[in-house]
J.: 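Okay, handing you the structure first.
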Amino acid sequence: MITIEDVIKNAKLNIDARREALIRSAYQTALSAHAGQKRKSGEDYIQHSLHTALNLAKIGMGSKTISAGLLHDVPEDTQVTSEEIEKKFGSEIAKMVDGVTKLGKIKLRGTKEENYLENLRKMFLAMAEDIRVVLIKLADRLHNMETLESLPPEKQERIARETLEVFAPIANRLGIGEVKVRLEDLAFKFLDKENYQYVSEILAEEKEEMKKYIDIMIADIRKELTKEKITVLDIYGRSKHFYSLFQKLKKHDMNIDKIYDLAGIRIIVPEIVNCYETLGIVHKKYRPLVGRIKDYISLPKPNGYQSIHTTIFGPAGNFLEIQIRTKQMHDEAEFGIAAHWIYSEKKKGFRNFFFREKAKVPEKEIAWVKQLREWQNELGKDDKELIESLKIDFFKNHIFAFTPQGDIIDLPEESTPIDFAYKVHSEIGHRAMSARVNGKMVPLDYKIKNGEVIEIITSRDHKNPSRGWLNFVKTSAAKSHIKKFMKKEGMI
Ligand code: MN
């Protein structure tokens with residue numbers, strides 16, 4: 001059982017009296033609206049509203065989103081209407097609550113696949129409207145998963161599968177690692193009891209075994225870093241999450257000896273330069289495993305994740321993964337898009353910081369949301385095509401390529417120089433003649449790899465998209481530009 005005090009205590013930033021009053025008032029409205037209602041677990045319904053709000057507070061959301069989280073099931077499940085919410089709390093909060101209600105109304109028709117796609121479509125459209133709606137939905141789903149035990153088995157199965165296939169990938173794409181792993185582990189538990197049990201035994205055994213080394217190593221590393229005058233903001237042992245360990249095991253024929261990051265140590269330092277200094281100090285003390293040093297600071301993962309990873313030989317000859325990152329990288333890895341809000345507002349100083357909920361989604365994210373909206377406009381009439389292209393562009397693993405000027409271009413895997421060209425600008429796509437990758441000429445259907453520098457050689461005189469390009473381009477943007485051009489020119 002939690003109370004509204006837990007929610008307020010966990011709000012990441014100091015909230016002023018007015019904001020606190022807003023949260024308390026939303027709580028009072030939810031409390032009286034849900035009075036007498038029980039969850040399947042037997043708990044008072046308000047516990048679900050409180051847990052949803054608490055999850056939002058924990059990832060750093062502001063008072064309006066927390067309030068909408070408290071109210072999220074009110075119009076759907078009680079006598080209080082959405083108009084009353086708007087009158088009392090304003091249109092911004094009412095719109096968020098409506099958005100969550102709409103997301104919840106999933107038509108159960110057709111095949112499983114269709115339901116899944118319908119779900120996806122709704123999430124995407126909601127994201128294009130207001131990302132906070134999706135964050136509330138994730139917070140809501142997290143608590144539903146935590147109480148899934150009290151539902152009948154067939155419902156458990158359906159909800160767990162949907163969580164794994166729809167909600168966890170979205171949490172991942174939004175960079176909320178903390179929510180993603182909790183959703184995955186809970187879903188795993190319900191979908192595959194046997195393997196869940198197996199993995200949890202491995203981890204428990206390993207934990208026992210590693211604990212003694214890890215404590216000694218932490219003390220040693222801390223001592224070395226202090227000697228080199230590097231501030232250690234935090235250092236702690238960590239073990240792999242259930243579902244991600246299972247995925248890795250499957251890749252390696254269930255051979256546990258092939259898994260090098262079962263356990264590890266995470267080091268949080270103040271500045272980026274400290275991360276590299278720390279890496280040097282760690283490698284001086286422990287021998288690194290060749291080919292296992294990953295610098296996600298200079299080359300972030302597609303969802304923005306940054307850290308340095310290295311696998312070393314521990315004191316007893318065992319492997320350990322060491323992760324090194326700054327505090328900001330750490331918060332962004334745990335809280336994702338919510339952390340972007342916090343940091344972009346902190347930079348602007350007190351005034352904006354105080355009124356941070358006025359803040360818009362940061363630039364990088366806006367570009368992404370804008371693109372969703374464009375696709376929606378372009379392809380809106382044909383849902384199937386929209387969903388197909390979204391599935392490819394959104395969920396497929398992304399890679400980063402660079403322009404010769406060093407700008408980062410985010411593309412789905414297996415993208416070609418033509419995709420790259422259209423992503424930079426449609427004119428560059430239309431005028432593309434040939435391409436160089438890291439200085440070498442490549443064919444236009446070359447598959448770009450992460451981190452490559454792509455130079456597009458264009459024709460000054462004419463545009464020349466060809467029908468053949470349609471056979472190999474990966475992105476829906478490139479496809480639609482080429483088709484549009486050919487239509488205009490009467491080629492199709
Ligand atoms: Mn709910």
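In what follows, every heavy atom counts, from backbone to side chain, and hydrogens, waters and symmetry copies are set aside. For ligands, and for the atoms within them, numbers begin at 1 and follow the listed sequence.
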J.: Quick check: of its N, O or S atoms, which one does Asp140 have closest to the Mn ion (ligand 1)?
T.: OD1
J.: Looking at every non-hydrogen atom in both residues, tell me the closest pair between Leu233 and Lys327 and how far apart they are.
T.: CD1-CB, 3.9 Å
J.: Considering only heavy atoms from C-beta outward, does the side chain of Pro75 approach that of Val80 to under 4.5 Å?
T.: no
J.: Nearest N/O/S atom of His72 with respect to the Mn ion (ligand 1), by atom name, please.
T.: NE2
J.: Answer yes or no as to whether an N/O/S atom of His48 is found below 2.8 Å from the Mn ion (ligand 1).
T.: yes
J.: Checking Lys58 against Glu178 for the side-chain contact (heavy atoms from CB on, under 4.5 Å) test, could you report, in this order, the C-alpha distance in whole Å, the side-chain angles of both residues, the deciding distance, and whether it holds?
T.: CA-CA 10 Å; Lys58 278 185 175 166; Glu178 168 70 16; over 6 Å; no
J.: Of all the N, O or S atoms in Asp73, which has the shortest distance to the Mn ion (ligand 1)?
T.: OD2
J.: Count the heavy atoms belonging to other residues, nucleotides or ligands that lie under 6.0 Å from CD of Glu5, then report whether that count exceeds 12.
T.: yes
